[in-house]
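Working notes, beginning with the structure itself.
We count ligands from 1, going down the list as the structure has it; atoms in each ligand are counted the same way.
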Amino acid sequence: MTTLQVSTNHREEILDLTGLVQDALLSLGAEEGVAVVSVPHCTCALYLNENESGLLQDTLELVRHLGRLQRWQHDRIDDNAAAHLAATVLGGTVLIPVRQGRLALGTWQRLLLLELDGPRRRSVTVALLAEKAG
Ligand code: ZN
């Protein structure tokens, strides 16, 4: 298992972690199994989807829309309820099959981190559940 550190620069932002996580798997000597990628945070999320500029903007707009829907209860504490809610819906852990040391993603799939309450430093834990040989 290894932990990566990434920095975000905006309140809402999407980072493509695919290459970083692929490199981490190579350094772990991963061959066959399942990569478990997780963020130990309540206001950012991980998800798999296309890294297309329009879709990235649409995703950020959807998240911002949550904040405009209403005044949420948690906003009384630190004014970031929409960030928590979006993180809850998307989740903070992604499982990805690993074949011959490579993330087995679809052609257009990328592993994306959605920052919801930045800018911050974020930890990303990468672990491999290895298949037993034979
Ligand atoms: Zn909060």
*asked:* How large, to 10°, is the angle at the Zn ion (ligand 1) when you draw lines to OD2 on D78 and to NE2 on H84?
replied: 150°
_Derivation and outcome, salt bridge (charged side-chain N to carboxylate O under 4.0 Å, His left out), residues E61 and R68_ = CA-CA 10 Å; E61 183 54 30; R68 292 191 296 261; 2.4 Å; yes
_N80 near the Zn ion (ligand 1): N/O/S under 2.8 Å_ = yes
*Answer yes or no: does atom CD of E31 have more than 12 heavy-atom neighbours from other residues, nucleotides or ligands under 6.0 Å?*
no
*Return the minimal non-hydrogen interatomic distance between D79 and R11, and the atom names on each side.*
O-NH2, 3.3 Å
*asked:* If the cut-off is 2.8 Å, does any N/O/S atom of C42 fall short of it from the Zn ion (ligand 1)?
replied: no
_Looking at R99, I want to see if its CZ is surrounded by more than 12 non-hydrogen atoms of other residues, nucleotides or ligands under 6.0 Å._
no
